[in-house]
2 protein chains.
Amino acid sequence: MAVMEFFYDFTSPYSYLASTRVEEAARRAGGEVRFRPFLLGGVFKATGNRAPVETPAKAKHMWVDLERWAKRIGVPLVMPTTFPVASILALRTALAAERQGKLVPFTHAVFRACWAEGKDIADPEVLAAVASSVGLDGPAVVAAAPEFKAVLMAQTQEAVDRGSFGAPTFFVPTARGEEMFVGNDRLEMAVEALTEGRTGHRGS
Amino acid sequence: MAVMEFFYDFTSPYSYLASTRVEEAARRAGGEVRFRPFLLGGVFKATGNRAPVETPAKAKHMWVDLERWAKRIGVPLVMPTTFPVASILALRTALAAERQGKLVPFTHAVFRACWAEGKDIADPEVLAAVASSVGLDGPAVVAAAPEFKAVLMAQTQEAVDRGSFGAPTFFVPTARGEEMFVGNDRLEMAVEALTEGRTGHRGS
C-alpha cells in the first residue's frame with residue numbers, strides 16, 4: 001500500500017487543518033498516512049525560511065485565510081492562548097507516545113486541544129491530560145519526553161534534507177520518484193500523486 | 001455586476017497562472033475582472049515580505065509547484081531567460097496601454113511572451129512587438145511608459161494600504177465588506193466570495 005508521509009508541527013495551524021482530513025484523503029486514494037512530527041522552528045532555521053506571522057500583513061491575512069479553510073473543511077478553529085505555540089514538549093511527547101503505539105490518536109488529541117479548544121499545550125499538565133485521554137499514562141509519557149529530543153532533531157533534519165521548508169510537508173512515492181508537497185492547500189495534489197503512484201497511472 | 005480586482009505583476013509566475021483563468025472564473029460567477037498591474041517588488045519592500053526565491057529550498061519547490069499548476073490548468077509554462085524578471089517597463093507600458101483601452105489584451109500578450117514563450121520582456125523591442133501584436137503602436141506605447149511611473153507607484157501603494165503582501169492579489173466586494181485573497185491557489189475561494197457577494201448568499 002502506498003504510504004504518504006505527513007510531517008507536521010503542533011504550532012502550525014495549517015498542519016492542524018491537514019491533520020483533520022489527511023487520513024480520509026489518503027484512504028480514498030487507496031493509500032495510507034505515516035505521521036511524522038517535526039520541529040517547524042528547526043526547519044525555518046535550517047532553510048532560512050520565515051514564519052508567515054513574521055510579516056505583519058501576511059499574519060493578518062493568515063488568520064482570515066485559516067478561518068476560510070476551517071469553514072470550508074468544516075472543523076472548529078480557535079486562536080490559541082499564545083502564538084506562536086511552544087510545541088517542543090508536545091512534539092517530544094508525541095514521539096514518546098509513538099513508542100507506545102499511540103502517535104496518531106495523541107496527535108489528533110493535541111491538535112484538537114490546541115486549535116479547537118484553545119488549550120495551552122506547552123503546559124505539561126494539559127499535555128498529560130491529553131495523553132491520558134487517549135489511553136496513555138499521561139504524566140509518565142510527558143516525563144519521558146526529554147528522551148526524544150534527539151529523535152525529534154533527527155526527524156526534523158531528515159525533512160530538511162529531503163527538501164522541506166514549511167509545514168505541513170507531504171512526501172509521496174510516485175513513478176517519477178519521491179514527490180514533495182508543502183502546505184495544507186497542496187493536500188489534494190499530494191493525494192492525486194498518491195493515487196498515480198499506487199496505480200501507475202500518470203493522469204493526463 | 002460584481003467586480004473582482006486582480007492585482008498582478010509580470011514578474012510573478014503565479015500571476016501568470018491566475019491571468020489565464022481569472023476572467024472565465026469570474027464570468028462563471030456572474031462577475032467580471034478589473035485588471036490592475038502593480039509592482040510586486042514595491043509590495044515586498046513596503047510590507048517586509050520576501051519573494052519565495054529568496055529561500056533556496058522554497059525556490060526549488062516553487063518551480064516544481066508551478067509545473068504542477070501549469071499541467072493542472074493546461075497552460076504552457078517555460079522558465080524565463082532571466083529570473084526575477086525585470087518587469088517595471090512592462091508594467092508602466094501596461095498602464096500606457098490601458099489609456100488606449102488595451103490593458104487586458106496587452107497583459108495577456110506580455111504574460112504569454114514571458115511565461116509561455118520565454119521572451120525577455122525587459123527588452124523594449126520585445127515589448128514594442130508585443131504591444132503591436134495587440135493593435136497598439138508598439139514603439140510609441142513603450143516610449144510613453146515613463147509617464148506612468150507615478151500611476152504604477154500609486155496603484156502599488158493602494159494595494160499595500162488595502163492589505164496586499166504578494167501576487168496575485170484579488171479584492172472581492174462581499175456582504176461582509178471587501179475581502180482579499182492572495183495567491184493563484186486562492187482564486188477559487190475568491191470566485192466563491194464573488195458569487196456570494198453577487199447573490200447575497202453566504203453559503204453554508
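No hydrogens, no waters, no symmetry mates; every other heavy atom, side chains included, goes into these values. Letters A, B, ... mirror the listed sequences (proteins, then strands); counts begin at 1. Computed from a predicted structure; not experimentally measured.
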- Side chain, backbone, both or neither: which part of A/N49 has an atom under 4.5 Å from a heavy atom of chain B?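 For A/N49, backbone and side chain are both near chain B.
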Does atom [atom1] of [X] have more than 12 heavy-atom neighbours, drawn from other residues, nucleotides or ligands, at distances under 6.0 Å?
X      : atom1 : result
A/R72  : CZ    : yes
A/R162 : CZ    : yes
A/M153 : CE    : no

- Who wins among B/K60, B/H61, B/R68 for the most heavy-atom pairs under 4.5 Å with chain A?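 Maximum pair count with chain A is reached by B/R68.
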- Under 4.5 Å, counting heavy-atom pairs only, tell me which of B/D185, B/V160, B/V64 racks up the most with chain A.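 The option with the most such pairs is B/D185.
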- Side-chain heavy-atom pair A/D65, B/R186 within 4.5 angstrom cut-off: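 When only atoms from C-beta onward are counted, B/R186 and A/D65 do touch, with a gap below 4.5 Å.
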- Query: Considering only heavy atoms, which portion of B/E179 lies under 4.5 Å from any heavy atom of chain A: side chain, backbone, both, or neither?
  - Reply: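 Contact with chain A is through both the backbone and side chain of B/E179.
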- Task: Please report the shortest heavy-atom distance between B/A57 and A/G163, naming the atom on each side.
- Result: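 Smallest heavy-atom distance, with atoms named: CB-O, 4.1 Å.
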- Query: Between atom CZ of A/R50 and atom NZ of B/K58, what is the distance when rounded to the nearest 0.5 Å?
  - Reply: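 Atom-to-atom, A/R50:CZ and B/K58:NZ are 8.5 Å apart.
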